[in-house]
Number of protein chains: 2
Amino acid sequence: MSDPGLACCTPLTGTAMSADQAERVAPLLKALADPVRLRLVSLIASSTTGEACVCDLNDAFDLTQATISHHLKVLHSAGLLDREKRGVWVYYAVRRDALAAVAGLFDPAAVPA
Amino acid sequence: MSDPGLACCTPLTGTAMSADQAERVAPLLKALADPVRLRLVSLIASSTTGEACVCDLNDAFDLTQATISHHLKVLHSAGLLDREKRGVWVYYAVRRDALAAVAGLFDPAAVPA
DNA sequence: ACCGGCCATCGACGTTTGTCAATACGATGA
DNA sequence: TCATCGTATTGACAAACGTCGATGGCCGGT
């Protein structure tokens with residue numbers, strides 16, 4: 001889970017992407033290509049502390065706790081979210097580097113930050 | 001097909017994204033979230049003329065012509081590719097504005113161009 | 001008018017995905 | 001120790017997806 005090595009990243013508009021690169025980047029996009037997961041990442045990223053408790057995330061959606069947990073696992077497995085357990089609660093935080101790697105796909109100038 | 005109105009686009013890291021926004025953007029990401037389609041867009045975008053003939057794209061993959069045609073349709077339906085028939089051949093070109101809209105998701109500074 | 005090449009569509013298939021109800025796990029408090 | 005609360009996991013199901021072979025529609029050349 002959460003393998004580094006991430007994208008990084010012939011941008012789409014430069015020279016053609018290799019099959020290997022495509023196979024590595026596609027899972028990141030696939031993880032983000034869901035309305036619920038997009039909102040989850042957005043919610044976590046826009047929180048003042050930079051992280052969010054699962055208990056709060058559950059309330060933001062009209063979905064079962066099991067479903068939210070599943071989506072969080074998908075995002076974590078893709079390397080887009082960090083997971084930390086504190087006491088009874090679990091906090092997720094977005095990995096900015098992973099997001100930056102995806103951004104590099106579309107805008108060559110956006111990669112290093 | 002190929003609806004405009006596209007993303008545009010509370011970036012992921014700013015304030016939280018609305019459910020409606022997420023529903024609009026997710027299909028774009030879903031269209032890109034496949035290794036073959038990623039390479040297709042990359043191939044087309046990186047060609048010197050900015051477009052590519054289907055006959056050339058077919059040769060770049062170890063897949064049936066029907067499968068490539070299907071992927072091109074998905075990208076076109078999502079609004080990411082323009083389609084133009086010239087004689088017997090069909091040429092696809094990437095819609096830079098659509099790509100820019102997706103880029104705006106990740107990097108707030110990358111949106112207008 | 002015919003044939004041949006380019007591309008799209010159709011029908012079918014196995015696989016993956018999103019969702020839920022139910023259950024299991026782990027930590028806290030009584 | 002036991003009940004409770006917050007999360008994760010399991011099993012099940014319908015829907016969507018990626019791929020293929022076969023077929024159909026256009027266009028250009030003969």
Side-chain angles (χ1 to χ4, degrees), chain A residues 1-2 19 22-44 47 49 51-78 80-93, chain B residues 1-2 19 22-44 47 49 51-78 80-93:
Chain A
M1 286 195 187
S2 58
E23 301 274 359
R24 274 195 304 270
V25 179
L28 286 184
L29 291 173
K30 197 170 257 180
L32 287 170
D34 178 277
V36 175
R37 291 199 287 270
L38 224 36
R39 287 178 63 200
L40 280 171
V41 172
S42 170
L43 276 174
I44 299 171
S47 94
T49 60
E51 59 184 11
C53 172
V54 176
C55 55
D56 292 331
L57 296 173
N58 278 329
D59 298 345
F61 296 86
D62 208 20
L63 291 170
T64 305
Q65 176 263 324
T67 300
I68 298 298
S69 186
H70 163 69
H71 284 306
L72 288 170
K73 179 179 184 171
V74 170
L75 288 167
H76 176 62
S77 300
L80 287 162
L81 254 41
D82 276 334
R83 180 184 187 279
E84 188 186 356
K85 183 164 189 170
R86 285 207 290 272
V88 192
W89 296 278
V90 173
Y91 291 82
Y92 284 92
Chain B
M1 286 196 187
S2 57
E23 300 275 359
R24 274 196 303 270
V25 179
L28 286 184
L29 290 173
K30 196 170 256 179
L32 287 170
D34 178 277
V36 175
R37 291 199 287 267
L38 224 36
R39 287 179 63 200
L40 280 171
V41 171
S42 170
L43 276 174
I44 299 171
S47 94
T49 59
E51 58 184 11
C53 171
V54 176
C55 56
D56 293 331
L57 296 174
N58 277 330
D59 298 345
F61 297 85
D62 209 19
L63 292 170
T64 304
Q65 176 263 324
T67 300
I68 299 297
S69 187
H70 164 70
H71 284 307
L72 288 170
K73 178 180 185 172
V74 170
L75 289 167
H76 176 62
S77 300
L80 286 162
L81 252 43
D82 276 333
R83 181 183 187 277
E84 188 185 357
K85 182 162 188 170
R86 285 208 290 272
V88 192
W89 294 279
V90 173
Y91 291 82
Y92 284 92

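Chain naming here is simple, since letters A, B, ... match the order of the sequence lines and numbering starts at 1 in each.
- Nearest nucleotide to the A:W89 side chain, out of C:dG5, D:dG6, C:dC20: D:dG6.
- Following rounding to the nearest Å, A:R83 (CZ) and C:dG26 (C1') show an atom-to-atom distance of 11 Å.
- No side-chain donor-acceptor contact under 3.5 Å links B:S42 to the backbone of B:L38.
- Not a single side chain to side chain donor-acceptor pair (under 3.5 Å) links B:Y91 to another residue, sequence neighbours left out.
- Distances shorter than 4.0 Å separate none of the side-chain N or O atoms of B:K85 from OP1 or OP2 on C:dC7.
- For the segment residues 52-65 of chain B, the set of residues with a heavy atom within less than 4.0 Å of an atom of DNA chain C comprises B:C53, B:V54, B:C55, B:Q65, in numerical order.
- Phosphate proximity of D:dG6 to A:Y91: absent, as no side-chain N or O sits under 4.0 Å from OP1 or OP2.
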Throw together a table of side-chain donor-acceptor distances under 3.5 angstrom for residues 26-34 of chain A, partners on residues two or more places apart or in other chains.
| from | atom 1 | to | atom 2 | distance (Å) |
| --- | --- | --- | --- | --- |
| A:D34 | OD1 | A:V36 | N | 2.8 |
| A:D34 | OD1 | A:R37 | N | 3.2 |

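- Under the side-chain contact (heavy atoms from CB on, under 4.5 Å) criterion, A:A52 pairs with A:I44, A:L57, sequence neighbours left out.
- What separates CG of A:L75 from C1' of C:dT17 is a distance of 14 Å, to the nearest Å.
- Between B:L29 atom CG and C:dT17 atom P the separation is 16 Å, expressed in whole Å.
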Short heteroatom pairs, N/O only, protein and nucleotides 14-18 of chain D, under 3.5 Å:
| from | atom 1 | to | atom 2 | distance (Å) |
| --- | --- | --- | --- | --- |
| D:dG18 | OP1 | B:D34 | OD2 | 3.3 |
| D:dG18 | OP1 | B:R37 | NH2 | 3.1 |
| D:dG18 | OP2 | B:R37 | NH1 | 3.2 |

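- Atom P of nucleotide C:dC7 and atom OH of B:Y92 are separated by 9 Å, given to the nearest angstrom.
- Atom NE2 of B:H76 and atom OG of B:S69 lie 11.0 Å apart (nearest 0.5 Å).
- Atoms CG and NZ, from B:L81 and B:K73 in turn, are 14.0 Å apart once rounded to the nearest 0.5 Å.
- Here A:Y92 contributes atom OH and A:L43 contributes atom CG; the two are 14.5 Å apart, rounded to the nearest 0.5 Å.
- Atom-to-atom, CD of B:E84 to P of C:dC6 comes out at 19 Å; the value is rounded to the nearest Å.
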Which pairs would a plain distance check flag for residues 59-68 of chain B, meaning a side-chain donor or acceptor within less than 3.5 Å of a matching protein atom at least two apart in sequence or in another chain?
none

